[in-house]
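Here's the structure we're looking at; comments come further down.
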Amino acid sequence: MSNVNENELTCLERVIKAIRECKRTKADITSGSRLAEDLDIDSFDILMLIGELEEEFNISIDENQLEGVVTVGDIVDKLEALSC
Amino acid sequence: MLDKAKAMVEQIDFNPYRVPFDNEAYVDLASNNYLGLAGHPVVKQAAVAATMQYGVSLCGTPVASGYSDFAGGVAGRLAAFTGVESALLFPSCYQANNGVFSALCTKEDLIVVDQYAHSSLVGGIQAVGCKINPFLHNDCGHLEKILKRANGYRRIFVVTESVFSTEGSIAPFNQIIALCQTYGAVPVVDDSHGIGVIGKTGRGVLEHFGIEHYQGIYTASLGKALANMGGMVGGDAETIEYLGYLCPHLIYSTALTPPVLGGIMGALDVIEAEFGELGGRMWRYKQILAEAILAGQLSVESVNSAAPITPVFCGDAQTTIILCKRLYEKGILSTPFIEPSVPKHACVLRLIAGAGLQEEKVRWAAEQIRDILSS
């Protein structure tokens, strides 16, 4: 169970938290981090990330809804469009 | 991706995927011939005898002229050998892994799969069009987290390999089965690098973990330790019967040929009679290679692989191919794994010293590898 009050985290911070669950990386992750080039997240990893995002945001995400995302910021934009 | 790989191969002036080699001149640490059975006289004679009796091909699918009592017997023997209730033979394990999911899964299912699962499993899973959730490699904690939150699906499948072929880890399959039982999921395991390799008598992952009355799906290649070709799918009798009539990857493909069927029977005869000696030799050779890697001052990750696979973690593709070339120039064959087979920065040069090699050649190869790694 998270020790952090999710209401205090921004959408970006929550996305980064989900990414760290998948990649277990210590690298700096910012809005501009590119999923493939900077974080080694390939199309299969995206599926794992979707699972973590679904748990973090308590929503259901279809793979198509993240089509075209290149950066972490793109994911945030897509999620905010889903009113997260 | 192909253009990039071709450019790299040209720059290094070595294509590891098209190397010509003379069997006698090279020490083969690339082949999956774990027990050396591909050249075993018993296996060869069994293949020839089956050919003389049944011909070179039955020229039909298993639901047409391709079925024979002989094929049924081979499937039954493989089922008994591996510890499943019933089994089917496929032209390859790639087809088996693709076909199983196409036939058994629907869009209403959830498939939870190890992130490093073989591409044949991933391809088969993706073709279903259902929800897919990879879990962190061999991480039962992460797997359980996913299973706990999964709801509303018709069925849930948990998919893994027994032995991961690039880095030699063994999946915690007993724990995975326990989680499947707790959360009502169906376990699916690809034992291609486990059958004939792990387990006290070489019977694979179910023997290795002492699993009886296995209730999931089992697949395995018959072209590695069993030294022939084809694949098997094992499971409960009802599921296997269903697949036998309704799996397109099986019923629309020519059945395994008599020489292959005979060869599989011969391989099983040898394993059942000689695994103690052959397996012992295979593990001893693994230890020889592992010590050479350590002496070459590489990471202990390579030497700690649980299976008789010795991975040399090289990082990037170019370093991997260059090392493969250096070994080839010394007369040693090895297998480089680069993207997309492995993650981009996790390229591996894999070494497998099969029991059919002479120990002096393995020791010689190990010395060459140690010298190259430490130079």
Side-chain angles (χ1 to χ4, degrees), chain A residues 1-4 6 9 13-30 32-72 75 78-79 82 84, chain B residues 1 4 101 107-139 141-153 156-161 183 185 315-317 338-347:
Chain A
M1 180 173 278
S2 171
N3 290 324
V4 179
E6 282 153 1
L9 294 178
E13 285 164 334
R14 294 170 75 189
V15 169
I16 291 174
K17 182 168 161 253
I19 290 173
R20 291 203 187 281
E21 278 299 309
C22 300
K23 290 310 280 189
R24 305 279 162 99
T25 175
K26 291 181 182 152
D28 280 340
I29 304 178
T30 66
S33 298
R34 296 165 300 175
L35 299 174
E37 293 87 343
D38 300 326
L39 301 175
D40 268 349
I41 292 176
D42 62 23
S43 57
F44 204 54
D45 294 329
I46 287 276
L47 299 178
M48 194 192 305
L49 177 56
I50 286 174
E52 296 302 320
L53 291 171
E54 287 180 328
E55 184 177 17
E56 176 63 32
F57 292 93
N58 197 26
I59 56 170
S60 183
I61 301 173
D62 191 88
E63 192 183 339
N64 294 333
Q65 290 174 303
L66 291 191
E67 199 170 329
V69 296
V70 174
T71 66
V72 174
I75 296 179
K78 294 272 188 185
L79 291 175
L82 295 172
C84 292
Chain B
M1 190 176 284
K4 194 172 152 197
F101 299 105
K107 288 182 164 50
E108 287 75 39
D109 294 335
L110 167 67
I111 302 180
V112 188
V113 54
D114 190 285
Q115 69 179 139
Y116 289 165
H118 193 265
S119 85
S120 59
L121 292 165
V122 172
I125 288 167
Q126 288 179 324
V128 178
C130 67
K131 184 79 166 173
I132 302 169
N133 199 149
F135 65 95
L136 289 166
H137 182 49
N138 287 341
D139 189 330
H142 191 233
L143 171 59
E144 183 165 21
K145 194 174 115 171
I146 294 169
L147 290 174
K148 248 187 207 163
R149 67 177 183 237
N151 61 68
Y153 298 101
I156 301 172
F157 295 82
V158 176
V159 183
T160 187
E161 295 174 52
Y183 293 97
D316 64 275
I338 64 174
E339 190 189 21
S341 300
V342 293
K344 196 162 50 174
H345 300 305
C347 301

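Sequence lines set the chain letters: A, B, ... in the order given, protein chains first and strands last, and positions in each chain run from 1.
- Of the listed residues Glu63(A), Glu54(A), Met48(A), the one with more heavy-atom pairs under 4.5 angstrom with chain B than any other is Met48(A).
- For a residue to count as touching a neighbouring chain, one of its non-hydrogen atoms must lie under 4.5 Å from one of that chain's; by this rule Ile50(A) touches chain B with the side chain only.
- Only the side chain of Gln126(B) comes within less than 4.5 Å of a heavy atom in chain A; its backbone stays farther off.
- Proximity to chain A among residues 108-115 of chain B is limited to Val113(B), Asp114(B), Gln115(B), judged by heavy-atom separations below 4.5 angstrom.
- Within residues 37-47 of chain A, the residues having any heavy atom closer than 4.5 Å to a heavy atom of chain B are Glu37(A), Asp40(A), Phe44(A), Asp45(A), Leu47(A), listed by residue number.
- Residue Asp62(A) qualifies as enclosed at atom CG: its count of foreign heavy atoms under 6.0 Å is above 12.
- Remark: Lys145(B) NZ to Glu21(A) CD distance equals 3.5 Å, nearest 0.5 Å.
- Annotation: Asn64(A), atom CG; neighbour count of heavy atoms from other residues, nucleotides and ligands within 6.0 Å is above 12.
- Residues Glu55(A) and Lys148(B) are not in side-chain contact: their nearest non-hydrogen atoms beyond the backbone lie 4.5 Å or more apart.
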